[in-house]
Structure formats: C-alpha cells, structure tokens
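Encoded as structure tokens, the structure appears first; notes follow it.
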Amino acid sequence: MIALIADDHPLFRVALSQACANILGADAVLLQAENMQQLWPLLRAHPHTNFIFLDLKMPGSDGFTGLTALRTEYPDVPVIMVSAEEDPVIIKQALALGAAAYIPKSAPLELLSAAITAVLNGDSWLPAGLEQDVQNAKTLIDDDFARQLEQLTPQQFRVLKMIADGLLNKQIAYEMQVQETTIKQHVSAILRKLNVNNRTLAGIMFEKLRLPQ
C-alpha cells in the first residue's frame, strides 16, 4: 500500500502520516510532499500509488488547480482532499472535479479509516454531517467546463495553466523544453476543446479553478 500526503503544514503531515500508519499497517509506504513541485517526482517514482491526500491550498496548488492537474495526469489514483475550508460549495466543487473524498481538517482523525476504506473500495466519501449541505449546494464551475477539462491531455493542461499565468508561446516552449511549433499545436487543441476563440478566454476559464487566498 502506497499513500502520498501533500500538505504544506508539517505538523498536519506528521499527524496524518501517523494516523495512516495505524490504519494501513507497518508495511505501508507513506510519502510526504509540502508542495506540488515535490509531489510530481514522487508520483513518477511511485505511479501505482493507491491514493493521495491533497491540501486544497498549498504552494503550486491554487484552489482546484492541483486536483485537476492530478486527475488529468493520474486519473486512476484517487485523490482525498483535506482542507480547513468547510464551505459546502467548495466541497461539492471538489467532488465534481474528481475528488474521491473530502475531509475537513476539523474532523477527528478517527474518520480517516472510513474515508480510506471507502476510497479503496471505489466509493466517494464525506463526513455524515456535511452530506445534506453539500448535496444542496451549487457548484462554482459549470459541468460543461468540467467535461472540457477532462478532454485535455496532461501537456495541454500544463500549457493552459501557463497561458493563464500570462506566458507567451516562446516562454511556454522554454519551460517545457519543446519547440514553439509544438506549443502552437497545443494551444490550437486547447481552444478547440474549450470551445473558445482565443487564449485570453482560455486563460479566463482556467482562472475559475483558482480560489481567493
């Protein structure tokens, strides 16, 4: 069993790691990352990770950008969101974008066992007290955009993020170490899949994934 804990608060990572060790047993491999930059090489080294605990807001993951990036690149690895944010709207959006479970940081660690069991069984999970409020909440992002995002390849998703960050094709090509013509092809595919006419509109759509800090 391999689990990855991605959170920028060291004490919370340690507490979550200890709780997971108690639940999964001594043979479990528990990996830790304090930002998205650390997370990616760990996943590449352990592509058969059983699940990921992902903080909603940590360096390199603005709002739902980390979740959607993971779902794009590793769709078979379940993501359990953990956050101090308990707004039903935020929770419902995380689940709509592919999170397998959502655990508020105020929840007792004893609930981890139920969440992990559900996720490993292929089910989604929420604390019982939040289910009704989440069900009644609206989502921040319409279903059409969520489906369009699912069509993007991992490379196209990275290009879209850099477009939203204001980078030009030449700069994106440098960052990704490819030819500029390759980036132009990615941009064309992104615009087609998102059904927009220009990169500015594509960047505006990506911004919907970010949350105010």
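Treat the numbers as computed from the prediction; the structure is a model and nothing was measured.
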(request) Would you mind listing every ring pair (Phe, Tyr, Trp, His ring centres under 6.0 Å) that reaches into residues 9-29, with sequence neighbours excluded? (result)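 Those involving residues 9-29 do not exist here.
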(message) Does anything in residues 151-172 form a ring pair (Phe, Tyr, Trp, His ring centres under 6.0 Å)? List the pairs, not counting sequence neighbours.
(response)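 For residues 151-172, and leaving out neighbouring residues, the ring pair (Phe, Tyr, Trp, His ring centres under 6.0 Å) pairs sorted by first residue read Phe157-Phe206.
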State, to 0.1 Å, how close [X] and [Y] come at their nearest heavy-atom pair, and which atoms those are.
{"X": "Thr72", "Y": "Leu152", "value": "CG2-O, 3.4 Å"}
{"X": "Leu67", "Y": "Gly98", "value": "CD1-C, 4.4 Å"}
{"X": "Met36", "Y": "Gly66", "value": "CE-CA, 3.8 Å"}
{"X": "Gly203", "Y": "Ala164", "value": "O-CB, 3.8 Å"}
{"X": "Ala100", "Y": "Val119", "value": "CB-CG2, 3.9 Å"}
{"X": "Pro47", "Y": "Arg44", "value": "CD-O, 3.6 Å"}

Supply the atom-to-atom distance [X] [atom1] to [Y] [atom2], rounded to the nearest 0.5 angstrom.
{"X": "Asp7", "Y": "Ser17", "atom1": "CG", "atom2": "OG", "answer": "12.0 Å"}
{"X": "Ile190", "Y": "Gln155", "atom1": "CD1", "atom2": "CD", "answer": "10.5 Å"}
{"X": "Glu85", "Y": "Lys57", "atom1": "CD", "atom2": "NZ", "answer": "6.0 Å"}
{"X": "Gln32", "Y": "Leu42", "atom1": "CD", "atom2": "CG", "answer": "10.0 Å"}
{"X": "Ile91", "Y": "Ile103", "atom1": "CD1", "atom2": "CD1", "answer": "11.0 Å"}
{"X": "Leu24", "Y": "Ile116", "atom1": "CG", "atom2": "CD1", "answer": "5.0 Å"}

(request) Could you walk me through whether Val159 and Met176 pass the side-chain contact (heavy atoms from CB on, under 4.5 Å) test, one step at a time? (result) CA-CA 9 Å; Val159 171; Met176 297 183 66; 3.5 Å; yes
Are [X] and [Y] joined in one hydrophobic group, where the rule is that I, L, V, M, F, W and Y side chains link up if heavy atoms are under 4.5 Å apart?
{"X": "Leu120", "Y": "Ile23", "answer": "yes"}
{"X": "Val89", "Y": "Met81", "answer": "yes"}
{"X": "Ile163", "Y": "Leu201", "answer": "yes"}
{"X": "Val77", "Y": "Val29", "answer": "yes"}

For [Y], is there any backbone N or O sitting under 3.5 Å from a side-chain donor or acceptor partner on [X]?
{"X": "Asn50", "Y": "Ile2", "answer": "yes"}
{"X": "Gln179", "Y": "Thr181", "answer": "no"}
{"X": "Thr49", "Y": "His46", "answer": "yes"}
{"X": "Gln38", "Y": "Glu34", "answer": "yes"}
{"X": "Asn35", "Y": "Gln37", "answer": "yes"}

(request) Give every residue pair that meets the salt bridge (Lys or Arg N to Asp or Glu O under 4.0 Å) criterion with at least one member in residues 114-138, sequence neighbours excluded. (result) none
(request) Walk me through it: do Phe64 and Leu149 pass the test side-chain contact (heavy atoms from CB on, under 4.5 Å)? (result) CA-CA 12 Å; Phe64 302 115; Leu149 281 174; over 6 Å; no
Is any side-chain heavy atom of [X] closer than 4.5 Å to a side-chain heavy atom of [Y]?
{"X": "Gln93", "Y": "Ile90", "result": "no"}
{"X": "Leu111", "Y": "Trp125", "result": "yes"}
{"X": "Leu167", "Y": "Tyr174", "result": "no"}

(request) Before accepting this row, confirm whether a basic side-chain N of the pair Glu175/Arg158 lies closer than 4.0 Å to the acidic partner's carboxylate O. (result) no
(message) Strictly below 4.0 Å, N to O, side chains only: are Arg210 and Glu207 in salt-bridge contact?
(response) yes
(request) Sequence neighbours left out, what passes ring-ring contact (aromatic ring centres under 6.0 Å, His included) with Tyr102? Give chain and number order. (result) none
(request) Please name all residues satisfying ring-ring contact (aromatic ring centres under 6.0 Å, His included) with Tyr74, sequence neighbours left out, ordered by chain then number. (result)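 Tyr74: no ring-ring contact (aromatic ring centres under 6.0 Å, His included) contacts found.
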(message) As a test of understanding, state which of Leu126, Leu97, Val134, Asp87 forms a side chain to side chain contact (heavy atoms under 4.5 Å, CB included) with Lys92.
(response)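 Among Leu126, Leu97, Val134, Asp87, the one that satisfies the side chain to side chain contact (heavy atoms under 4.5 Å, CB included) with Lys92 is Val134.
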(request) Report the residue from Leu4, Thr65, Leu39 that forms a side chain to side chain contact (heavy atoms under 4.5 Å, CB included) with Leu70. (result)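 With Leu70 as partner, Leu4, Thr65, Leu39 yield a single side chain to side chain contact (heavy atoms under 4.5 Å, CB included), made by Leu39.
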(request) Taking atom CG of Asp27 as the centre, report whether more than 12 heavy atoms of other residues, nucleotides or ligands fall under 6.0 Å from it. (result)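 For Asp27, atom CG is not crowded (no more than 12 foreign heavy atoms under 6.0 Å).
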(message) Considering only residues two or more places apart or on different chains, which pairs with a residue in residues 182-204 satisfy side-chain hydrogen bond (donor to acceptor under 3.5 Å, both in side chains)?
(response)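 Of all non-adjacent pairs touching residues 182-204, those that pass side-chain hydrogen bond (donor to acceptor under 3.5 Å, both in side chains) are Gln156-Lys193, Asn169-Arg199.
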